Protein chains: 2
Amino acid sequence: MEYLSKDEIPALLREAELRPTRQRMALAGLLFCGPHRHVTAEELHREAADHGHSISLATVYNTLNQFSEVGLLREVVADGSRTFYDTNLSDHHHFYAAKRGKLIDIPAGDLRIEGMPALPEGMKVAGIDVIVRLEE
Amino acid sequence: MEYLSKDEIPALLREAELRPTRQRMALAGLLFCGPHRHVTAEELHREAADHGHSISLATVYNTLNQFSEVGLLREVVADGSRTFYDTNLSDHHHFYAAKRGKLIDIPAGDLRIEGMPALPEGMKVAGIDVIVRLEE
DNA sequence: ATGCCTGCAAAATATTTGCATGTAA
DNA sequence: TTACATGCAAATATTTTGCAGGCAT
């Protein structure tokens with residue numbers, strides 16, 4: 001399976017109706033041109049800096065939120081104190097090793113939810129998050 | 001089924017090796033002498049004030065954390081930006097109506113998890129959180 | 001009396017926003 | 001050119017911490 005190449009990034013952004021600006025290109029390159037990953041804003045900001053992209057942390061936050069809004073990323077709430085962004089959009093769940101602050105994918109289909117009860121009047125399911133918390 | 005009465009609170013705290021101080025008594029009374037509930041620190045702080053208990057927000061936070069550490073409460077991470085504390089300690093899951101910021105219990109047993117994959121080397125399961133996100 | 005608790009304010013963290021400037025189309 | 005994006009700093013929101021004084025035992 002091939003990873004996305006850098007020159008496919010502009011199209012990816014355009015399809016999402018986001019202008020392919022320098023910063024978005026750089027961050028999208030880091031996020032999408034390789035295997036799936038989980039990042040925090042802080043991590044991605046540092047990584048961008050390491051690659052010579054000077055992008056402010058606020059812009060990293062804004063960009064991650066935009067990418068989430070248009071469905072390029074999925075937010076994962078595992079820790080209350082930090083937000084993770086997952087490049088894997090398929091229907092899957094997560095292990096969370098709190099001590100290491102690391103998320104690990106549980107492949108789609110491995111974990112199934114059975115016995116969904118009736119929903120409150122007039123509501124529908126927007127998503128199901130399963131976090132399996134791990135300890136040593 | 002009877003709810004806990006106020007005069008059982010000191011024993012509850014003592015069993016948890018927490019001194020029954022005025023503030024802990026007041027907060028425990030609000031939390032445990034009635035049906036199960038989900039609260040945020042902010043909500044509990046306001047509620048205490050409404051009942052004439054002037055307890056600082058910092059103390060509410062500290063107390064909720066202590067109660068969680070000794071197993072009187074369970075923390076529920078639903079929203080990333082707020083921590084909920086649940087008085088229902090049984091093995092159950094939650095609906096989360098993001099728009100209303102409200103958690104709703106899914107009774108234990110209603111929802112089952114099937115097909116847990118192998119865990120990473122040397123780790124064990126500390127807990128499983130399922131959040132079913134709802135929208136209108 | 002002793003040591004754990006609390007209140008307050010200040011610090012720490014994580015994230016968002018306002019606005020002047022920069023840049024893609 | 002023109003609207004949208006960015007950088008920066010400041011604002012916001014939430015939670016934690018330090019320390020002087022208070023209270024349970």
Side-chain angles (χ1 to χ4, degrees), chain A residues 7 9-30 38-46 48-49 52-70 72-73 75-85 98 101 103, chain B residues 7 9-30 38-49 51-70 72-73 75-85 98 101 103:
Chain A
D7 49 348
I9 295 288
L12 183 77
L13 293 177
R14 253 181 248 284
E15 277 162 35
E17 303 195 308
L18 292 174
R19 275 193 195 171
T21 63
R22 193 170 344 119
Q23 293 83 347
R24 285 175 184 161
M25 297 278 281
L27 296 178
L30 293 172
H38 308 108
V39 294
T40 62
E42 198 72 45
E43 287 166 3
L44 187 61
H45 179 245
R46 168 184 304 277
H53 304 290
S54 107
I55 301 176
S56 81
L57 182 56
T59 296
V60 173
Y61 272 106
N62 292 336
T63 302
L64 287 171
N65 285 334
Q66 289 158 358
F67 285 3
S68 297
E69 274 163 30
V70 301
L72 289 173
L73 290 175
E75 287 186 23
V76 180
V77 177
D79 188 276
S81 67
R82 275 181 303 190
T83 303
F84 290 89
Y85 297 85
L103 281 175
Chain B
D7 50 349
I9 295 288
L12 183 77
L13 293 176
R14 254 181 249 283
E15 276 162 35
E17 302 194 309
L18 292 174
R19 277 193 194 169
T21 63
R22 195 172 341 121
Q23 292 84 346
R24 284 176 184 159
M25 297 276 282
L27 297 178
L30 293 172
H38 308 107
V39 294
T40 62
E42 198 71 45
E43 287 166 2
L44 187 59
H45 179 246
R46 167 182 305 277
E47 191 176 337
H51 285 249
H53 303 290
S54 109
I55 301 176
S56 80
L57 182 56
T59 296
V60 174
Y61 271 106
N62 292 337
T63 302
L64 287 172
N65 285 333
Q66 290 157 358
F67 284 4
S68 297
E69 275 163 30
V70 301
L72 290 172
L73 291 175
E75 287 186 24
V76 180
V77 176
D79 188 276
S81 67
R82 276 183 303 191
T83 303
F84 290 88
Y85 296 85
L103 282 175

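These numbers come from a predicted model, not from an experiment. So you know, we letter chains A, B, ... as the sequences are listed, proteins then strands, and number each from 1.
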In whole angstroms, the gap separating C1' of D/dA3 from CD of A/Glu17 amounts to 15 Å
d(CZ, B/Arg82; C1', D/dA13) in whole Å: 11 Å
Quick one: does B/Arg24's side chain have a donor or acceptor within less than 3.5 Å of a partner on B/Arg19's backbone? yes
So what does B/Thr59 hit on the nucleic acid, given a heavy-atom distance under 4.0 Å: a base, only sugar-phosphate, or nothing? base
To the nearest angstrom, the CG-P distance between A/Leu13 and D/dA5 comes to 11 Å
Over how many whole Å does the gap from B/Tyr61 atom OH to C/dA11 atom C1' extend? 15 Å
Need one value for A/Ser54: base, sugar-phosphate or nothing, where a base atom within 4.0 Å counts as base even if backbone is also close, heavy atoms only. sugar-phosphate
Spacing of OG belonging to A/Ser56 relative to NE2 belonging to A/His45, to within rounding of 0.5 Å: 6.5 Å
Base, sugar-phosphate alone, or nothing: which one does B/Asn65 contact when heavy atoms must sit under 4.0 Å apart? sugar-phosphate
Of the listed C/dT17, D/dT16, C/dC5, the closest approach to the A/Asn62 side chain comes from C/dT17
Can you tell me which nucleotide in C/dG7, C/dC5, D/dC4 comes closest to the side chain of B/Ser56? C/dG7
Separation of D/dC4 atom P from A/Arg14 atom CZ, nearest Å, is 15 Å
Identify the two heavy atoms, one from B/Glu75 and one from B/Tyr85, that lie closest to each other, and give their separation to 0.1 Å. CG-CE2, 3.6 Å
Whole Å only: how far is the CD atom of A/Gln66 from the C1' atom of C/dT15? 14 Å
Distance in angstrom units between B/Glu43 CD and D/dA13 P, rounded: 16 Å
Would you mind telling me which residue lines up with the more 5' stretch of DNA chain C, B/Arg24 or B/Ala58, judged by nearest nucleotide? B/Arg24
Without swapping roles, check the side chain of B/Thr63 against the backbone of B/Thr59 for a donor-acceptor pair under 3.5 Å. yes
